Amino acid sequence: MTDAPLRPAGVPAGGSDDTSIPIRVRPEIAALPPYKQGKQADAGGFKLSSNENPFDPLPGVLEAVRAASALNRYPDATAARLCARIAERFDVDVRAVHVAAGSVSILAQLVLATSGPGDEVVFAWRSFEAYPWLAIVSGATPVRVPLTEDARHDLPAMAAAVTPRTRAILVCSPNNPTGPIVTQTEFDEFLTAVPRDVLIILDEAYAEFVTDPDAVDGMRVLGTKGHANVMALRTFSKAFGLAGLRIGYAIGHPRILDAARSTSIPLSVTAQAEEAALASLDAERALLERVHTIAERRDRVAAALRATGWRVPAAQGNFVWLPAGAETMDIAEAFDEGGLIVRPFAGDGLRITVGEEESVEKVLAIAASVVEDLPQAHPGRGLA
Ligand code: PMP
């Protein structure tokens with residue numbers, strides 16, 4: 001007996017870097033780094049790397065999932081009950097709502113539906129890692145517009161980056177991974193500067209955590225101004241704590257949503273996810289309490305980090321950003337050794353999710369000890 005894994009005859013042992021096989025993968029796809037899942041925390045440690053919610057599911061959610069147990073049946077392809085419920089909650093026509101397996105699925109659908117080879121997809125950078133990847137997978141060209149000094153979207157520069165080839169613009173508020181929001185005023189001005197045939201996708205994955213009253217609100221944009229080229233995206237993964245079930249939604253013009261549906265993989269939203277989302281919407285009061293707890297914890301963490309000398313940008317999601325620059329990977333290692341898995345972006349900075357209360361003291365202690373070793377002129381130092 002050997003411990004070698006069993007392989008069907010004819011399947012070679014090559015790894016993902018083996019280029020000797022004759023299959024022609026699209027060159028832009030072959031050039032993408034293979035997906036690597038983040039590390040899991042050891043016992044006693046904390047995983048603060050994926051902006052997950054530290055709380056158990058909201059009241060009624062587990063029971064609803066258990067009740068939806070017809071695993072031999074396909075789900076309702078349109079998640080009609082959830083669409084109706086979301087339409088009611090935001091007072092929009094049900095045809096203006098689309099549900100999919102996570103808001104990242106809807107991002108993919110919208111980019112695929114609008115942008116192909118020769119087209120451009122504009123977004124701020126640094127922002128959500130999936131953006132460049134989604135553009136490349138659809139065959140389009142990603143166009144990255146640098147954030148401002150204080151890690152915010154530079155909307156005038158994004159509007160100026162629009163060309164006749166631009167098909168979609170992704171605006172992330174609050175911005176993952178840096179934290180600041182886009183204001184309603186900035187967004188309104190941006191709308192007037194962008195041609196009406198360019199789709200503006202407002203990614204509001206962290207909307208529920210926002211406490212800044214000046215922040216853009218996708219539902220207000222859609223409701224009062226009726227901009228047909230704006231699509232607002234939200235998710236049950238973050239504030240509602242359903243990341244593992246994969247469910248998110250978009251609100252926007254039915255014609256654009258029909259195009260998104262045409263690109264989607266059918267039947268991806270499970271009945272369990274739909275029931276969990278419905279039950280979560282019923283638990284509004286408990287949701288608000290949790291969101292309040294996390295937002296308060298976030299403000300406390302950001303203030304304490306600034307007090308120790310870190311230059312932390314405005315934090316409006318469930319995470320904070322340390323602009324650690326060239327020292328990013330070393331600092332991530334220091335957190336790792338202290339039992340905290342954070343999300344480093346080499347050469348740029350690291351994002352720390354606001355997680356369990358028990359993790360807060362550890363985060364602050366490690367952050368305080370590493371900032372002392374940074375040179376005075378380091379971009380991560382000084383008050384934001
Ligand atoms: N948008 C942003 C900005 C995100 O950070 C994430 C998740 N990290 C998503 C979209 C996707 O979330 P989901 O697919 O879980 O709804």
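Side chains included, hydrogens not; waters and symmetry mates left out as well; all remaining heavy atoms used. Throughout, numbering of the chain's residues begins at 1 and tracks the sequence. Every value quoted in this text rests on a predicted model; they were computed, and no experiment measured them. Just follow the structure's listing: the first ligand is 1, and inside any ligand the first atom is 1.
- Ion pairing between Arg85 and Asp282 holds under the 4.0 Å rule for side-chain N and carboxylate O.
- Proximity of Cys172 to ligand 1 is established by a heavy-atom distance of less than 4.0 Å.
- Remark: the Gln109 side chain and the His98 side chain contain an N/O donor-acceptor pair separated by less than 3.5 Å.
- Comparing Arg246, Arg343, Glu129 against atom 14 (O) of ligand 1, the shortest heavy-atom distance belongs to Arg246.
- Of the protein's heavy atoms, Ser103 OG, 3.4 Å lies nearest to atom 11 (C) of ligand 1.
- Under the 4.0 Å criterion applied to side-chain N and carboxylate O atoms, Arg89 and Glu284 are assigned as salt-bridge partners.
- Contact annotation for Val104 and ligand 1: heavy atoms of both the backbone and the side chain come within less than 4.0 Å of the ligand.
- Listed here is the closest heavy atom pair of Val216 and Glu204: O-OE2, 3.7 Å.
- Atom CZ of residue Arg234 and atom CZ of residue Phe240 lie 9.0 Å apart, to the nearest 0.5 angstrom.
- Tyr249 has its ring centre less than 6.0 Å from the ring centre of Phe236.
- In this structure, Asn175 CG and Trp125 CH2 are separated by 9.5 Å, a value rounded to the nearest 0.5 Å.
- Using a cut-off of 4.0 Å between Lys/Arg side-chain N and Asp/Glu carboxylate O, Arg343 and Glu129 are scored as salt-bridged.
- The option with the heavy atom closest to atom 15 (O) of ligand 1, from among Ala130, Ser237, Gly317, is Ser237.
- Atom 6 (C) of ligand 1 has as its closest protein heavy atom Phe128 CZ, 3.5 Å.
- Nearest protein neighbour of atom 1 (N) of ligand 1, counting heavy atoms only, is Asp203 OD2, 2.7 Å.
- Residue contacts with ligand 1 leave out Gly248, since none of its heavy atoms falls under 4.0 Å from the ligand.
- Shown in contact with Asn176 at under 4.0 Å from a heavy atom are these atoms of ligand 1, numbered in order with element: 3 (C), 4 (C), 5 (O).
- The protein heavy-atom contact nearest to atom 8 (N) of ligand 1 is Lys238 NZ, 3.1 Å.
- Below 4.0 Å from some heavy atom of Tyr206 lie the following atoms of ligand 1, by number and element: 3 (C), 4 (C), 5 (O), 8 (N).
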